[in-house]
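Order of listing sets the numbers, starting from 1, for every ligand and every atom in it.
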Amino acid sequence: MTKRHGHSHDDWFDMAEVLDLDAVLLDEHFQRIFGWAKELVGDPRTIVDLGAGTGAGTFGLARTFPKATVVAVDQSEKMLGQLQEHAEGQQLNSRVSTVRADLDEQWPVLGKVDLMWAATSMHHFKDSAKIFDNIRKSLAPGGVLVLVEMVALPRYLPVDLGFGVAGFEERCHAATDKAGFNAHPDWSADLEAAGYTELGQQTFDYAQANDQKRLARSTAMSLARLRAHLIDGLRAEDLATLDQLLDPESTRGVARRNDLVMRGSHKVWAARPR
Ligand SMILES: C[S@@+](CC[C@H](N)C(=O)[O-])C[C@H]1O[C@@H](n2cnc3c(N)ncnc32)[C@H](O)[C@@H]1O
């Protein structure tokens with residue numbers, strides 16, 4: 001069974017900023033994913049973004065499919081509040097609406113949906129089989145489900161930081177992997193078992209070195225999360241390295257670096273009920 005990781009209120013609080021940063025830093029990368037989905041799904045008019053967060057997917061979908069309305073569903077009032085603000089700022093509020101629902105507890109009334117989108121959210125739901133069943137019932141004839149997951153959490157740092165022991169970031173990730181961060185199955189078998197036919201799957205890589213200021217913020221948020229959760233999983237010298245990287249006063253702090261490269265990949269599945 002796949003390990004699911006829990007989130008405290010504070011995690012989701014920080015997560016909103018992380019998601020907004022990702023939306024800016026990985027904009028081109030996400031565009032490629034929307035482009036791939038467009039080839040498969042054609043011209044959907046009703047789209048639902050499940051676990052929408054602050055709306056990186058919602059707004060990308062609204063732009064990719066200019067005739068569609070997009071409903072963003074999330075359990076978090078904070079996320080949806082920010083999403084609504086962004087919708088107004090981007091003049092997309094006539095086509096974007098929000099529904100607050102804890103999908104583990106209730107399935108909202110959504111009407112018939114042409115495209116159901118779940119980006120890095122499916123692995124958070126407690127009972128994915130139940131969610132797949134609800135999605136199937138909500139899809140219009142010919143409707144498509146697209147799932148997006150991070151293959152691994154993003155990396156930012158060079159192997160040799162110029163201090164500490166080389167390979168610091170990989171050791172941090174070994175610890176997060178052990179703690180079950182981002183754990184998700186290869187959804188193909190679950191989709192098959194839930195009565196879907198897979199239309200395609202694809203992995204999209206990114207390596208983003210532009211905008212060192214935002215990259216430093218993104219790196220710091222990622223390291224701070226490690227610091228909060230993995231203190232026991234790291235050896236003393238790596239913990240010291242982590243603290244130096246996170247210290248805004250230190251010359252070794254991430255804010256002083258200009259060699260950050262955010263890199264990683266997303267895997268995408270598209271499927272249709274049989
Ligand atoms: C990692 S974020 C992804 C956000 C967005 N899809 C993106 O790619 O930017 C996961 C989101 O799923 C939401 N979520 C987690 N469990 C949920 C549940 N049971 N019901 C509804 N939303 C949930 C969280 O509030 C969070 O906004």
Side-chain angles (χ1 to χ4, degrees), residues 2-34 36-37 47-64 70-87 90 92 96 98-110 115-135 138 145-154 176 180-184 187 204 206 218 221-222 225 229 262 264-269:
T2 310
K3 269 191 276 179
R4 301 282 195 265
H5 57 278
H7 282 276
S8 68
H9 175 74
D10 284 352
D11 257 359
W12 289 126
F13 191 82
D14 286 335
M15 182 66 77
E17 188 184 345
V18 172
L19 296 176
D20 278 353
L21 277 169
D22 285 358
V24 176
L25 288 168
L26 301 182
D27 181 49
E28 267 182 46
H29 165 70
F30 289 143
Q31 292 304 327
R32 287 196 290 133
I33 296 178
F34 297 130
W36 178 85
I47 302 176
V48 171
D49 186 7
L50 294 173
T54 56
T58 307
F59 300 120
L61 291 164
R63 279 194 214 91
T64 305
V70 189
V71 180
V73 182
D74 206 285
Q75 67 184 354
S76 159
E77 202 170 297
K78 178 188 161 73
M79 298 278 190
L80 292 180
Q82 292 198 6
L83 191 149
Q84 262 158 348
E85 273 178 34
H86 294 331
Q90 298 180 36
L92 282 170
V96 168
T98 59
V99 170
R100 188 174 173 213
D102 179 345
L103 296 172
D104 291 329
E105 302 298 327
Q106 59 162 133
W107 189 254
V109 178
L110 296 170
L115 172 59
M116 200 69 90
W117 191 267
T120 58
S121 55
M122 186 56 71
H123 70 272
H124 290 295
F125 304 137
K126 282 187 193 139
D127 184 351
S128 50
K130 194 171 105 189
I131 301 284
F132 282 136
D133 195 40
N134 282 322
I135 292 173
S138 298
L145 164 64
V146 174
L147 301 176
V148 183
E149 295 282 7
M150 276 191 281
V151 174
L153 297 173
T176 48
F181 276 43
N182 187 47
H184 61 82
W187 288 115
F204 294 86
Y206 60 87
S218 182
M221 306 260 329
S222 157
R225 190 155 175 249
H229 293 274
M262 185 178 184
S265 41
H266 285 93
K267 185 164 175 182
V268 190
W269 296 256

| message | Minimum distance, heavy atoms only, to atom 21 (C) of ligand 1: which one of S121, A101, G60, S76 is it? | response |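 Looking at heavy atoms only, the winner is A101.
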| query | Which word best sums up how the rings of F59 and H86 line up, parallel for under 30°, tilted for 30 to 60°, or perpendicular for over 60°? | reply |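 F59 and H86: perpendicular rings.
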| request: For the residue pair H29 and F204, categorise the inter-ring angle as parallel (less than 30°), tilted (30 to 60°) or perpendicular (more than 60°). | output: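 H29 vs F204 ring planes: perpendicular.
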Is the closest side-chain heavy-atom distance between [X] and [Y] below 4.5 Å?
{"X": "V18", "Y": "R225", "value": "no"}
{"X": "H266", "Y": "F30", "value": "yes"}
{"X": "V96", "Y": "L83", "value": "yes"}

| query | Quick check: does any side chain N or O of D74 sit under 3.5 Å from a backbone N or O of A52, one acting as donor and the other as acceptor? | reply |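 Yes, D74 side chain to A52 backbone: donor-acceptor pair under 3.5 Å.
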| task | Please answer whether the main-chain N or O of G60 pairs with a side-chain N or O of T64 as donor and acceptor at a distance below 3.5 Å. | result |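 Yes, T64 side chain to G60 backbone: donor-acceptor pair under 3.5 Å.
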As an exercise, identify every atom of ligand 1 less than 4.0 angstrom from a heavy atom of [X].
{"X": "A56", "result": "9 (O)"}
{"X": "G51", "result": "3 (C), 4 (C), 5 (C), 6 (N), 11 (C), 12 (O), 13 (C)"}
{"X": "H124", "result": "1 (C), 10 (C), 15 (C), 16 (N)"}
{"X": "A119", "result": "3 (C), 5 (C), 6 (N), 8 (O)"}
{"X": "D104", "result": "19 (N)"}
{"X": "G53", "result": "4 (C), 27 (O)"}
{"X": "D102", "result": "18 (C), 19 (N), 20 (N)"}
{"X": "M79", "result": "27 (O)"}

| field | ligand 1 contact on L19 by region, counting heavy-atom pairs under 4.0 Å | value |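 Side chain only.
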| Part of Q75 within contact of ligand 1 (heavy atoms, under 4.0 Å) |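 The part of Q75 near ligand 1 is both the backbone and the side chain.
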| request: Using non-hydrogen atoms of the residue, decide whether A52 is closer than 4.0 angstrom to ligand 1. | output: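 In this structure, A52 qualifies as a contact of ligand 1 - some heavy atom is under 4.0 Å.
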| Take atom CD in Q106; do more than 12 heavy atoms of anything else shown fall under 6.0 Å from it? |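 More than 12 within 6.0 Å, yes.
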| field | Short N or O distance, L103 and ligand 1, threshold 3.5 Å exclusive | value |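 The answer is yes, given that L103 and ligand 1 share an N or O pair closer than 3.5 Å.
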| query | What is the minimum heavy-atom distance between W107 and S138, and which atoms define it? | reply |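 Heavy atoms only, the tightest pair is NE1-OG, 2.9 Å.
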